[in-house]
Structure formats: C-alpha cells, structure tokens
**Q** 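To start, I am sharing the structure in question, which I have written as structure tokens.
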2 protein chains.
Amino acid sequence: MAGSKLDPIDRHILAELQADGRMTNVELAKRVGISAPPCLRRVRTLEESGYIKGYHADVDARELGFEVQVFAMVRLQSQAEADLSAFEARCRAWPLVRECHMLNGEIDFILKCVAPDLSTFQSFLTAELTAADNVASVKTSLVIRCAKDEPGLPFDVLEARLSKSA
Amino acid sequence: MAGSKLDPIDRHILAELQADGRMTNVELAKRVGISAPPCLRRVRTLEESGYIKGYHADVDARELGFEVQVFAMVRLQSQAEADLSAFEARCRAWPLVRECHMLNGEIDFILKCVAPDLSTFQSFLTAELTAADNVASVKTSLVIRCAKDEPGLPFDVLEARLSKSA
DNA sequence: GATGTGGCGAAATAATATTGCGTCTGAGGC
DNA sequence: GCCTCAGACGCAATATTATTTCGCCACATC
C-alpha cells in the first residue's frame with residue numbers, strides 16, 4: 001500500500017506541515033516527539049522523495065482583488081489523445097485557469113478559474129476559452145460562496161485506515 | 001480597488017511566498033530588493049491584515065495513498081438559507097470533502113472529494129452524501145488526470161491590471 | 001554472539017530571525 | 001519656503017533556529 005514506507009512520525013510531520021508550513025523545525029520536532037536533528041532529516045527526506053511537493057503561502061483572493069471564481073465545465077469535439085493534450089497545454093498557458101482536471105462522463109474537463117471581475121472573466125470566456133480549437137461547449141457556474149476549502153488531505157482518514165489494516 | 005493598499009514590494013512578497021512559502025526572510029528580502037528587517041515587518045503585516053491566510057505544505061496525494069479524486073455536483077430540494085447552511089455544515093464535517101462551493105445555476109454545490117480508493121468513495125457517496133437530508137441529486141465525475149493545479153493566484157494578471165489603471 | 005545498518009540525541013557551529021536605534025524622505029501645516 | 005512629524009529604511013547587536021558532527025543504542029543478519 002502506498003504510504004506504508006512512512007512510519008507514524010513521518011505521517012505526523014506531514015500532517016503538521018500541511019496545517020502550518022512555516023512551523024519552525026524545533027516546534028515541529030516537539031510536536032512529533034523527537035529532537036530537532038532527526039526531525040529535520042525526516043523533513044528533507046520527505047521533500048526529496050516527493051511526499052512534500054512544495055510550500056505555499058495561502059493568499060486571500062478577495063483582498064487582492066480577485067472577486068470572481070468560476071467553475072467551467074468543458075466538452076471537446078475530439079477526445080483523441082493529441083487533442084486532449086493540446087487543450088491541456090492551452091489551459092496551462094491561461095493564467096486565469098488555476099486548475100484543469102480531466103473527468104470521466106459527459107464532461108471532458110472541469111476548470112477552476114479566477115478573475116478580478118466578471119467582465120474580465122467574460123472576455124476570457126468568449127475570446128479565449130469558448131473560441132479555442134476543439135471546444136464543443138462550455139458551461140460556467142459562478143461561485144456564490146465557499147463553505148469549505150481545506151488544503152491538502154485528511155490525515156485522520158489515513159490513520160484510521162492504517163490502524164485497521166495493522 | 002482592492003489590493004491597492006499594497007505597494008509593488010508587498011505584491012512581490014506575496015508572489016514569492018505563494019511560490020515558495022518556506023523561503024527564508026533573507027532570501028525573500030534579496031529578491032524583493034530591500035533589507036531583511038523591513039521585509040520581515042512587511043510579511044508580519046501581511047499576515048496580520050489577512051492578506052496571507054496561512055502556509056501549507058503541498059503533500060502528494062497519490063504517494064500517500066489517496067488514489068481517487070472526485071468532483072460531486074449536488075442539487076438540493078430546498079434552497080432556503082437554513083437548509084443551505086445545514087448542508088455546508090455537513091460538508092465541513094466530512095473529511096473526504098476537501099472543498100465545497102455554492103454555485104449559481106442548476107447545480108447548487110460542487111464538492112471536491114478525495115479517497116484512498118473507489119470503494120471508500122462509493123461507501124461515502126451512498127451512505128453519507130446521497131443519503132443526507134435535503135439532497136435531491138448527486139452527479140459525480142472521477143478525475144482521470146490533472147493537467148494543472150496551481151495554488152494561489154496569477155500575480156502577473158494583477159500587475160498588468162494595476163499598471164494599466166496607473 | 002559478532003557485526004553492520006539505521007536512527008536517535010547532545011553539543012558545537014552556522015545561518016537566520018528579531019529587536020533597537022539612528023537616518024532619511026515625503027506630506028501637511030504655518 | 002521652511003518646519004515638523006509620521007512612516008519606512010538599513011545597520012548593528014542579540015536571540016533563536018537550522019545544520020553539521022559525532023558517539024550511542026536498538027535491531028536485524030549471519
């Protein structure tokens with residue numbers, strides 16, 4: 001099973017750094033119950049082995065002037081691999097598109113977009129997204145409000161699972 | 001306009017910390033072109049005023065055993081505020097639900113969910129989500145692959161906008 | 001029971017964060 | 001035009017943290 005190369009201390013470290021990525025190493029060591037040097041070694045190992053992909057400040061979108069958040073459900077005309085890849089590459093190049101997931105079912109892609117205001121998004125939608133090659137249809141839904149936006153993963157679910165299989 | 005209380009250096013700090021939240025203050029100061037003490041003062045101010053909501057390690061979901069990611073489109077029977085809030089509260093309590101956004105249009109909510117495997121998600125879907133009070137219908141779409149998942153905001157868009165209005 | 005591997009922690013050192021303070025610049029009042 | 005003051009800067013000093021070094025112990029292998 002994936003993740004089983006990690007011991008409980010490693011998972012504890014990941015959970016703590018997921019919750020507060022700027023915690024000092026001494027504080028982290030205290031919380032997971034080991035001393036600072038081995039704790040730092042574990043963190044470095046987790047970083048190098050890819051368990052930790054990076055650290056990011058969580059910046060308030062509204063405060064910064066990004067008032068609008070939109071989900072766009074995209075259907076393509078062709079689902080040939082070359083066409084899927086081409087669309088993904090286009091998404092990566094659009095700064096307003098923050099996430100692009102390929103889905104099963106009738107919708108091919110779901111995009112999470114941000115914009116400073118509605119007109120900026122509308123311009124993007126009509127001039128770029130809908131107009132792009134191979135795009136059959138785009139259905140957009142404005143985010144009215146956000147009830148939950150937890151970064152990362154539920155470590156409690158993971159722990160429960162591992163204790164069962166043990 | 002929102003964000004205009006920030007000068008270019010502040011925005012530069014936000015952009016850098018969004019890209020690498022664990023950058024040392026001396027490195028950050030070097031990049032934004034001021035000395036360390038005022039740089040740290042600015043970071044603290046940005047944290048206290050809520051521009052920076054927190055810092056998080058980005059943990060690899062697959063490596064940790066979360067193989068499955070799903071978007072769930074939920075419609076409710078009643079859209080009265082009390083019923084909306086009740087559903088949101090339930091979402092906050094479900095660990096597999098990482099994001100819950102209220103949308104305009106025919107879909108009331110979109111949920112981003114993770115799970116260790118498909119059967120775990122199916123159990124959650126049938127026993128919890130679909131079975132919850134006031135839920136009229138749930139349409140789920142499995143994420144086949146993720147082409148883009150950028151944390152945070154496009155600062156280049158913001159800078160372009162501000163330079164135009166100047 | 002010898003031996004090697006891996007992880008731990010104490011101590012020392014290097015780097016970083018943080019505080020205190022003197023200086024400069026720009027806005028507003030006289 | 002000049003004075004004053006608030007805000008922000010940078011230097012230098014100090015406190016805290018990160019990082020390296022090294023010896024010790026537990027466990028698995030033979």
**Q** Between C:dA17, D:dT17, C:dT18, which one does the side chain of A:Val26 approach most closely?
**A** D:dT17
**Q** Give the nucleotide from the list C:dG9, D:dA18, C:dG7 with an atom nearest to the side chain of A:Thr24.
**A** D:dA18
**Q** Quick one: A:Glu27 CD to D:dA18 P, roughly how many Å, whole number?
**A** 10 Å
**Q** Looking at B:Glu47 and B:Arg42, does any basic side-chain N land under 4.0 Å from a carboxylate oxygen?
**A** no
**Q** Assign the ring pair A:Phe109 / A:Phe87 to parallel, tilted or perpendicular, where the plane angle (0 to 90°) is split at 30° and 60°.
**A** tilted
**Q** Select one nucleotide: of D:dC11, D:dA18, C:dC8, the one nearest the side-chain heavy atoms of B:Pro37.
**A** D:dC11
**Q** Taking only side-chain N and O atoms of A:Arg41, does any of them lie within less than 4.0 angstrom of OP1 or OP2 on C:dG6?
**A** no
**Q** Would you call B:Lys53 and A:Glu63 a salt bridge, taking side-chain N to carboxylate O under 4.0 Å as the test?
**A** no
**Q** Round to a whole Å and report the spacing from CG of B:Leu28 to P of C:dA17.
**A** 9 Å
**Q** Which residue lies toward the 5' end of DNA chain C, A:Pro38 or A:Arg22, if each is placed at its nearest nucleotide?
**A** A:Pro38
**Q** Between A:Met23 (CE) and D:dT16 (C1'), how many Å, whole number?
**A** 17 Å
**Q** Charged N to carboxylate O below 4.0 Å: is that the case for A:Glu99 and B:Lys112?
**A** yes
**Q** Check the distance between C:dG6's P and A:Asp7's CG and give it to me in whole angstrom.
**A** 15 Å
**Q** Using a heavy-atom cut-off of under 4.0 Å over every strand shown, decide if A:Ser35 touches base, sugar-phosphate, or nothing.
**A** base
**Q** The side chain of A:Ala36 is closest to which nucleotide in this list: D:dG10, D:dT19, C:dG9?
**A** D:dT19
